[in-house]
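Below is one structure, written out as structure tokens, with a few remarks after it.
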Amino acid sequence: MKNILKIFSITVFLVCSTPFLHAQKKDSVPHHDFYRNAVSLDMFYFLNIFRPNFLPGPSSQMAFDIERHFTPEKLFRLGSTVAFNEYFVHIPSQPVLHNKKSFFLFLLGVEQEKEISSRWVFFYGCDVLYKYELGMTNQGDASLGITTDKSKAVSYGFSPVTGVKFEIAPRIFISTETDFELWINRTTVTAINDIFPQSNRSNNTKSFFTEYAIPQNIYLVIEF
């Protein structure tokens, strides 16, 4: 985690000091007024809430960001994603098998914006990431016993990010983004059988992995 924070600090310094980022006024973002704050909401989640006859499924995910400009082109951002998935498997004359998974993702980052046309804004930056995951699955049957696997994972990451924003009205944008994530992960898994306790087990794993996050969310950005 200390190494990630060092990388983040160095990146913030470079973003704020490199001459390329000190664009002239004509290159500033197309804001008619300079608003220091913005909130970004995941449109897919909120549109589903207000959609007529919408029935929530076993899976739900919501993401949002809060942004704070320290110049018209540079900003800090704080964001999170919360996801939950649950389903059941029921075979006649057998116990019901429960499956649950949830995670919380937290990000803190810096962002640089660049006007590419009268309404389009290109942005790039970097985030430090924290993810906490919980999972529970059942497997087995009435004769072999039901084994409950419980998992807990904590991950720390770093990610360069890039994306675009489109101004649909003064102070209102839509945006999407992509990133490449580098993660350090630690996972603990325990398995408990309700009939044969001698098969119970527990293990810990550490890993390093990367992920490419395709643009999958459309955000509504409101400045104030």
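Index from 1, following the sequence. Heavy-atom basis, side chains included; hydrogens, waters and symmetry copies ignored.
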Value for CD1 (I66) from CG (L78), rounded to nearest 0.5 Å, stands at 6.0 Å
Cation-pi between K131 and F103: NZ/CZ under 6.0 Å from ring centre and within 45° of the ring axis?
yes
Report the distance from atom CD1 of I218 to atom OG of S175, rounding to the nearest 0.5 Å.
7.5 Å
Kindly work out whether a path of hydrophobic side-chain contacts (I/L/V/M/F/W/Y, heavy atoms less than 4.5 Å apart) joins F180 to F123.
no
Do C126 and F158 touch side chain to side chain, with heavy atoms closer than 4.5 Å?
yes
Restricting to non-hydrogen atoms, name the atom on L75 and the atom on R77 that form the minimum distance, rounded to 0.1 Å.
CD1-CB, 4.1 Å
How far apart are the C-alpha atoms of I172 and L220, what are their side-chain angles, what is the distance that settles it, and do they pass the side chain to side chain contact (heavy atoms under 4.5 Å, CB included) test?
CA-CA 7 Å; I172 301 176; L220 176 66; 3.8 Å; yes
Min side-chain heavy-atom separation E177-P215 under 4.5 Å
no
Using a 4.5 Å side-chain heavy-atom cut-off and chaining through intermediate ILVMFWY residues, the residues clustered with I195 come out as F196
Does any non-hydrogen side-chain atom of K74 lie less than 4.5 Å from one of E113?
no
Under the salt bridge (Lys or Arg N to Asp or Glu O under 4.0 Å) rule, collect the residues that match up with E133, sequence neighbours excluded.
none
Is it the case that one hydrophobic cluster holds both V89 and M136, taking links as side-chain heavy atoms less than 4.5 Å apart, direct or via other members?
no
When you measure from the side chain of T178 to the backbone of A213, do you find a donor-acceptor pair of N or O atoms at a distance under 3.5 Å?
yes
For residues V161 and F209: do they belong to one hydrophobic cluster (side chain heavy atoms under 4.5 Å, members Ile, Leu, Val, Met, Phe, Trp, Tyr)?
no
When clusters are formed by joining ILVMFWY residues with side-chain heavy atoms under 4.5 Å apart, either directly or through shared neighbours, do L41 and V164 land in the same one?
yes
Minimum heavy-atom distance D65-G79, with the two atoms named:
OD1-CA, 3.1 Å
Side-chain donor-acceptor pair under 3.5 Å between S159 and D127, yes or no?
no
Which residues pass the side chain to side chain donor-acceptor pair (under 3.5 Å) test with N37, not counting sequence neighbours?
R68
Charged tip of R171 within 45° of F224 ring normal and under 6.0 Å
no
N/O donor-acceptor pairs under 3.5 Å from side chains in residues 90-98, not counting sequence neighbours:
residue, atom, partner, partner atom, Å
Q94, OE1, A142, N, 2.9

Looking only at heavy atoms, the pair that brings R119 and E167 closest together is NH1-O, 2.8 Å
Min side-chain heavy-atom separation K114-V121 under 4.5 Å
no
Quiz: residues 181-190 side-chain donor-acceptor pairs under 3.5 angstrom, not counting sequence neighbours:
residue, atom, partner, partner atom, Å
E181, OE1, W183, NE1, 2.9
N185, OD1, T187, OG1, 2.7
N185, ND2, S155, OG, 2.7
T188, OG1, N204, OD1, 2.5

Would you sort out whether I174 and I168 count as a side chain to side chain contact (heavy atoms under 4.5 Å, CB included), showing the intermediate values?
CA-CA 7 Å; I174 57 174; I168 58 178; 4.2 Å; yes
Straight-line distance of E223 CD to E67 CD, nearest 0.5 Å
8.0 Å
Which salt bridge (charged side-chain N to carboxylate O under 4.0 Å, His left out) pairs, counting each pair once, include a residue from residues 152-161, with sequence neighbours left out?
none
How long is the straight-line distance from OG1 of T148 back to CG of D194, given to the nearest 0.5 Å?
7.0 Å
Assess the pair F166 and F173: is the distance between their ring centroids shorter than 6.0 Å?
no
Is there a path of hydrophobic side-chain contacts, each under 4.5 Å between heavy atoms of I/L/V/M/F/W/Y residues, joining F84 to F88?
no
With the side chain counted from C-beta on, respond yes when T81 and Q61 share a heavy-atom pair under 4.5 Å apart, and no when they do not.
yes
Ignoring hydrogens and angles, tell me if any N or O in the side chain of T176 forms a donor-acceptor pair with the backbone of N217 under 3.5 Å.
yes
Distance in Å, T162 OG1 paired with Q112 CD, rounded so as to fall on 0.5 Å steps:
11.5 Å
Check K165 with E111, please: is the shortest side-chain N to carboxylate O separation under 4.0 Å?
yes
Min side-chain heavy-atom separation D149-R201 under 4.5 Å:
yes
Which atom pair, heavy atoms only, marks the closest approach of Y132 to V154?
CD1-CG2, 3.7 Å
Is there a side-chain contact between F64 and D42 (heavy atoms, below 4.5 Å)?
no
Taken to the nearest 0.5 Å, the spacing of R36 CZ from F70 CZ works out to 10.0 Å
A side-chain contact here means heavy atoms from C-beta on lying under 4.5 Å apart; do F104 and L134 qualify?
no
